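One structure is given here, and the rest of the page talks about it.
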2 protein chains.
Amino acid sequence: MKSIGVIDIAREAGVSTATVSRVLNGSDRVSDRTRAHVLEVIERLGFSPNASASNLRRGRSDAIGIAVASISQPWYVKLIRELRRAVTARGMTTVVYDLEHSSRVLIEHTESARRLRLAGMILATGDRLDAANVNASLHRLAGSMPLVVIGQHLDDATWPTVYFDDVAASEAAADELLERRSRPMLFLGSSARSFLSDQRREGVRRALEARPNLLRDSTFIQLDGPMDFATGYDEVVSRADELRRYGLIFCVNDELALGALRALGELGLRVPEDLMVIGYGDVDMLPYLTPSLSSLSGDVNAIAGDALEAIMVGIAGEPVFDTRVHSRRIVHRESTEDRAARPPATAEGAARG
Amino acid sequence: MKSIGVIDIAREAGVSTATVSRVLNGSDRVSDRTRAHVLEVIERLGFSPNASASNLRRGRSDAIGIAVASISQPWYVKLIRELRRAVTARGMTTVVYDLEHSSRVLIEHTESARRLRLAGMILATGDRLDAANVNASLHRLAGSMPLVVIGQHLDDATWPTVYFDDVAASEAAADELLERRSRPMLFLGSSARSFLSDQRREGVRRALEARPNLLRDSTFIQLDGPMDFATGYDEVVSRADELRRYGLIFCVNDELALGALRALGELGLRVPEDLMVIGYGDVDMLPYLTPSLSSLSGDVNAIAGDALEAIMVGIAGEPVFDTRVHSRRIVHRESTEDRAARPPATAEGAARG
DNA sequence: CTGAAAGCGCTTACAG
DNA sequence: CTGAAAGCGCTTACAG
C-alpha cells in the first residue's frame, strides 16, 4: 500500500503542500481556519509525516541519542527515563542505546548515530573509553554532533563531562567504616575494563593508606568477567577460609554485594556482626534484602540535568562547560550497622531506606 | 560544518555517485579494484552515509522497533538483547522503546515508529492493550508495518501473537504447591491494568476451585499502583494479623515476592516453614536471596525466536502464523522447599539455581 | 562494470 | 496568510 503524503493531504484539503507543512510544524503563519481544516484532513486520512524526508530536508534529526553502559543496571534506567522526560518536554525525541558493556556494541551504536545525524548524543558509562578503537569512534562522533559523556573524564576529550567523584566517595565511605571497625578490608571488583571500579578502588586504598597495618592485611580483588550476582557469590565462597580476617567487604557495585551477602549467609558468617558489606549504586531493592544493604548513592537528576543542559547548549552551538563533578553520599542500612547483636527486625523500618 | 556526502566521495574517487552507492550497499556490480579504491576514500574522509536520505529513497528503514513494557524488568532486557543479536545478524538494526508501563508512552512511541517508517515492530507487554486509544494506535501501527505482539492475544488482532500460557502455568504451580501444603493462599497483585496478572490469578483460582474450603479462606489482592518491592512489602506488612491463616503467598512478579519476603522476615515469620513464597519471571537475582526465591520461569529465546520469525516473514510480505503459545516451568528454591526445619544453608547450592 | 538523471517526501526562501 | 518551485543526499532503472 502506498502511504499517504503531504501531497495527498494538500489535494484533499485544497491547499498547497507548503501550507500542510506549516500546519505540521506549528508555524503561526497559517490562518486558524486553514489550520483546523488541514488538521481535520490529516486526522481523517491517518497521515503520519515521513521522518526521513523531514530530517533530510532540515539537515538534522530532532532526536537525541542516550547510550548507557547497560540497561540491566537500574541506575542507568533511571537516567534514561529522566533524560527522556526532559527531552520530550523540550519537544525533541530520544533514541536509546544499550551498550551491553561491550566496546564492539558501543562502536556499532556510535556509527549508527552518525548515520542517523542525531541532534546530539549523551553517553553514560563507567567502562573504559580509552582503548584506541573506542576513542577513535568517540572523536568521530564528537566531530559529527554534540556529545556529552557521563561517568568519566578523558584527557583528550573535546566534549563536556559530568561525573561523580568516586575516589572521594569511596575514601570517605571507607574512612567512616574504618573508624567504626578498625579491621582489614576485602575489596571486590576492580577491573581493567572499568574506569569507575578503578576510581572506587583508589578511594578505598587512600583510606587504608592512613592505616598501614590494615592496608597490609587488606585484599583487592580484580575481576575480569562480569560483575554480577554470581561473581560476588563465587568470589566470597572461594575465600571462605580467609574471610574472618576482614571486617568489611567493599563492593564496586550492588550486584556483587548481593551475591556476597548470600555467600556469607551460607558460610554462617553474620552481617554486619562478623563482616560489614557495602555496595555501590543504591538500587531500589537494597532496603528489601535481609539484611538490608548499605550503598553509595548518586543523584540521577543532578547528573541528568547537567547532561541535558550541556547537550542543549551544544546543539544551540554555544560554548559548553568542560566538566561538572557531583558527590555521592553513603546510605547506611543494616549491612553496615554498628552493632554487636541484631536488634528486633521491625524496629528500624529499613524497608523505607 | 557541512558534512561529507556521496558526491564528495565520488569526486575524490573519480567515479559516479552511483558507483559509490553500489559500494556502500555491497552490490556485486562493481569491480574489486573500484570497490577497494572507493572504500579507501570513504575511510580516509570519514564518510558516514545519511540514513534519512537512504531510507527516504528506499522507501523503508532497515530498523525493527522493539517496544517492551519496562526496561527495569530483567526479562524484557534479556528479550531486547536476544532480539537485537538476531536482528543484527540479519544485517538489520533495532530501535528500543521503553513503555514505562504507560499507555501514554506507548502511544507516543507507536506514532514515532510510524513516522520513522520502521521495517516492523515487536511489542512485548503484559499491560492491557484493549483500552480504546491504545487499541486504535496499535491498529494504525499494524496498518503501517508488520507488527508482532508478545504477551497477550487480542480478539481483534490482525497481527501474530506469541505468549506464555500463564493460566496453565499458574494453575499447575498452585496445584503442585497445594498438594504439598493444603492451606489457603494469599495472591498478590492482580490489576485492572495488567493482562498478565489477570491470567495468573485465573490459573491460581482454578487450582483453588478444586479445593473449595481453601478457596473460601484465600485472598486475592488487587493492586492499582506499581507492582514493585515497596508494594510487596507494604501489602504484607499491612496484613500482619491475618498472615498465619495462609500457607503460601503467590505473587504476580518477582519484585512483589522480594518485598513480601522482607516483610515476612521483619514480622518474624519463617519462609518456607510458616509461609511459602513464589514469584513470577525468575529474574537472575532470585538464587542469591535469603531464602532463595522460587519462581515461574519462561524461556526468552523461544519467544524471541518466534517473534523474529514472524516479523521477518511479515516484512517479506508473506502470511504469518496467528498465535504461538509457550509454557513456563516452576523453579523451586528455598522459598517453596517442603521442610519443617531449615537444612544447613550450604547444602543446597541454591546460588546455582 | 559504470554513469547520467530522475525521484523519494518533505521544508523553506522567495514572491505575492 | 498562501503557493510555486528548488533542493536535502541518497538509490535505482535505464542505457551503454
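Because the structure is predicted, anything quoted here is derived from the model rather than measured. Numbers restart at 1 for each chain; the letters A, B, ... are given by sequence-line order, proteins then strands.
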Exercise. Where along nucleotides 11-16 of chain D does protein come under 4.0 Å, by heavy atom, of base (B) or sugar-phosphate alone (S), with - for untouched nucleotides?
Worked result: BBB---

Exercise. Taking only residues two or more places apart in sequence or in another chain, which ones pass side chain to side chain donor-acceptor pair (under 3.5 Å) with Arg60(B)?
Worked result: none

Exercise. Tell me the salt bridge (charged side-chain N to carboxylate O under 4.0 Å, His left out) pairs involving residues 20-33 of chain B, sequence neighbours left out?
Worked result: none

Exercise. With sequence neighbours left out, which residue pairs that include part of residues 112-124 of chain B fulfil the side chain to side chain donor-acceptor pair (under 3.5 Å) condition?
Worked result: Arg114(B)-Ser144(B)

For this session: For Thr34(A), enumerate each residue passing the side chain to side chain donor-acceptor pair (under 3.5 Å) test, keeping only those at least two apart in sequence or located in another chain.
Result: Ser31(A)

For this session: Tell me, please, which residues at least two apart from Arg90(A) pass salt bridge (charged side-chain N to carboxylate O under 4.0 Å, His left out).
Result: none

For this session: List in chain and number order the residues that pass salt bridge (charged side-chain N to carboxylate O under 4.0 Å, His left out) with Arg58(B), two or more places apart in sequence or in another chain; answer none if no residue qualifies.
Result: none

Exercise. Would you write out the dot-bracket form of DNA chain D, 5' to 3', with Watson-Crick and G-U pairs under 3.5 Å, [ ] for crossing pairs, | for pairs to other strands and . for unpaired bases?
Worked result: |||.||||||||.|||

Exercise. Where along residues 30-48 of chain A does a heavy atom come under 4.0 Å from DNA chain D, residue by residue in number order?
Worked result: Val30(A), Ser31(A), Thr34(A)

Exercise. In terms of heavy-atom contacts, does CD1 of Ile7(A) have more than 12 from other residues, nucleotides or ligands at under 6.0 Å?
Worked result: no

Exercise. C1' atom, dG16(C) versus dT12(C): distance in rounded Å?
Worked result: 16 Å

Seminar exercise, completed: Taken to the nearest whole Å, CG/Leu56(B) to P/dA6(C) is 17 Å

In a table with atom names and distances, give each donor-acceptor pair under 3.5 Å that connects a side chain of residues 122-132 of chain B to protein atoms at least two apart or in another chain.
unit_1, atom_1, unit_2, atom_2, d
Thr125(B), OG1, Asp127(B), N, 3.0
Asp127(B), OD1, His101(B), ND1, 3.3
Asp127(B), OD2, His101(B), ND1, 2.6
Arg128(B), NE, Asp130(B), OD1, 3.3
Arg128(B), NE, Asp130(B), OD2, 3.3
Arg128(B), NH1, Asp198(B), OD2, 3.1
Arg128(B), NH2, Asp130(B), OD2, 3.0

Exercise. Whole-Å distance between dT2(C) P and Asp28(B) CG?
Worked result: 12 Å

Problem set entry | Atom pair distance, as rounded to whole Å: CG in Asn50(B) and P in dG9(C) | 16 Å

Exercise. Can you list the residues that meet the side chain to side chain donor-acceptor pair (under 3.5 Å) rule with Asp155(B), with sequence neighbours excluded?
Worked result: none

For this session: Just jot down the side chain to side chain donor-acceptor pair (under 3.5 Å) partners of Arg44(B), sequence neighbours excluded, or say none.
Result: Glu12(B), Glu40(B)

Exercise. Can you check the Ile7(B) CD1 to dC8(D) C1' distance for me, whole Å?
Worked result: 10 Å

Exercise. Should the pair Glu100(A)-Arg85(B) be classified as a salt bridge under the 4.0 Å nitrogen-to-oxygen rule?
Worked result: no

